[in-house]
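Report on the structure given below.
Chain letters run A, B, ... following the sequence lines, proteins first, then strands; residues in each count from 1. Worth saying up front: this structure is predicted, and the values here are computed from it rather than measured.
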Amino acid sequence: MRKYIYPIIILACAATYYFYQDNGSDAYSEENIRLEEITNGKENNSDGSIPLTRKALLPSSENQIVHHHTYSLSYNEQHEQAEWTAHILRASDITSRDYKRPYFEIDDKVKTKTAHWRNYKKSGYDRGHLVPAGDRKATKAAYDETFLTSNISPQIHEFNAGIWNTLEQKTRYYAKRYDEVYVVTGSILKKNLKTIGTEKVSVPERFYKIIYRNDANGGKMLAFLMPHKETDASIYDFITSVDRIEELTGTDFFASLPDSIEDKLEASSSSKGW
DNA sequence: CTGTTGTGC
DNA sequence: GCACAACAG
């Protein structure tokens with residue numbers, strides 16, 4: 001009997017290991033990979049383009065920037081939500097795994113403390129992800145990390161499940177097609193917006209998403225600016241230039257790109273090349 | 001996929 | 001407060 005004990009133990013250990021791998025509970029390895037992404041990036045891209053780190057992708061901001069394992073954000077305390085989030089979306093982030101939705105938690109990395117999810121309860125508004133949960137399905141840990149109240153804005157359900165969802169799916173399509181895209185998502189925060197909850201979470205009137213694809217020729221950029229309302233229109237009716245979003249937000253996007261490339265890409269409001 | 005609400009312990 | 005199931009676009 002004894003000769004079976006060790007094989008059984010080894011099998012049990014292996015099974016446990018694979019179980020946690022599959023569940024994506026191995027946050028430690030993910031942390032190593034993704035935090036490295038912020039500071040070091042890769043040696044070189046296969047197509048000869050200059051590798052961009054997540055840090056290089058970050059917009060300018062006077063608000064509180066925090067780095068999570070798989071995305072970064074800038075929290076606006078007045079409006080009790082992020083003014084923008086930034087993440088690198090890779091084809092490998094997109095899987096068909098079915099994770100159980102966790103509860104939204106306060107983001108402890110934001111010093112001023114983020115809003116509580118109760119502000120949204122019975123408000124009539126969705127807890128709309130900025131970094132979509134669907135963009136972070138490589139592991140359970142990555143998925144759960146999107147369920148922080150620093151990563152949501154109040155959204156009308158018909159908008160969130162409608163054209164905004166369509167835009168998120170299109171972004172995932174680009175990530176699969178080009179293997180890797182850089183994504184900045186946010187809203188136009190201004191004074192006198194409607195608020196919800198006891199903490200007065202602002203309800204933005206417009207949301208935007210900027211997608212950048214890198215290549216040896218400077219890459220391509222695509223920006224969408226959408227009114228926060230239900231619509232049957234196409235997402236392509238809401239293409240704008242990054243320059244326009246910079247005007248509205250006062251934020252400088254992709255400042256780390258060489259100026260000649262940045263100026264050209266950010267002036268464009270065309271989906272040509274995508 | 002994007003979400004909320006109701007029930008029960 | 002949390003788990004589970006049902007429901008909606």
Quick one: label A/E158 by what it contacts on the DNA or RNA (base, sugar-phosphate, nothing), any heavy atom closer than 4.0 Å. nothing

Winner on side-chain proximity to A/K100, out of B/dG3, B/dC1, C/dC4, is C/dC4

Between A/Q169 and A/D126, whichever has its closest DNA chain B nucleotide further toward 5' is A/Q169

Atom CD1 of A/I235 and atom P of B/dT2 are separated, to the nearest Å, by 15 Å

**Prompt:** Which part of the nucleic acid, if any, lies within reach of A/G162 when heavy atoms closer than 4.0 Å are counted: base, sugar-phosphate only, or nothing?
**Reply:** nothing

A/D98 atom CG is separated from C/dA5 atom C1', nearest whole Å, by 14 Å

>> Could you go through A/F159 and A/F207, starting from their C-alpha distance and side-chain angles, then the distance that decides it, and tell me whether this counts as ring-ring contact (aromatic ring centres under 6.0 Å, His included)?
In response: CA-CA 10 Å; A/F159 174 80; A/F207 288 92; 5.7 Å; yes

Excluding A/Y75, membership of its hydrophobic cluster (Ile, Leu, Val, Met, Phe, Trp, Tyr; side-chain heavy atoms within less than 4.5 Å) reads A/V66, A/Y71, A/L73, A/V110, A/V131, A/L148

Indicate yes or no: does A/K220 engage A/D215 in a salt bridge with an N to O separation below 4.0 Å.
no

5'-most contact on DNA chain B (nearest-nucleotide basis), A/T95 vs A/Y125, goes to A/T95

Atom CZ of A/R136 and atom P of B/dT2 are separated, to the nearest Å, by 13 Å

* Asked: Closer than 4.0 Å, any side-chain N/O of A/R127 to the OP1 or OP2 of B/dT5?
  -> no

The nucleotide from C/dA3, C/dG1, B/dT2 with an atom nearest the side chain of A/Y103 is C/dA3

ask   = Across the strands shown, which category fits A/K121 at heavy-atom distances under 4.0 angstrom: base, sugar-phosphate, nothing?
value = nothing

**Q.** B/dG3 OP1/OP2 closer than 4.0 Å to side-chain N/O of A/H129
**A.** yes

From the candidates C/dG1, B/dC1, B/dT2, the one with an atom nearest any side-chain atom of A/E168 is B/dT2

Testing C/dC4, B/dG3, C/dG1 for proximity to the side chain of A/R101, the answer is B/dG3

When rounded to whole Å, the NE2 to C1' distance for the pair A/H157 and B/dC1 reads 11 Å

Give a yes/no on whether any side-chain N or O of A/N160 is located under 4.0 angstrom from OP1 or OP2 of B/dT2. no

A/N165 has its side chain closest, among B/dT4, C/dG9, B/dT5, to C/dG9

Below 4.0 angstrom from OP1 or OP2 of B/dG6, is there any side-chain N or O of A/K122? yes

* To do: Return yes if a side-chain donor-acceptor contact under 3.5 Å exists between A/R136 and A/T146, otherwise no.
  => no

- Would a distance-only check, ignoring hydrogens and angles, find a side-chain to backbone donor-acceptor pair under 3.5 Å from A/D263 to A/S260? no

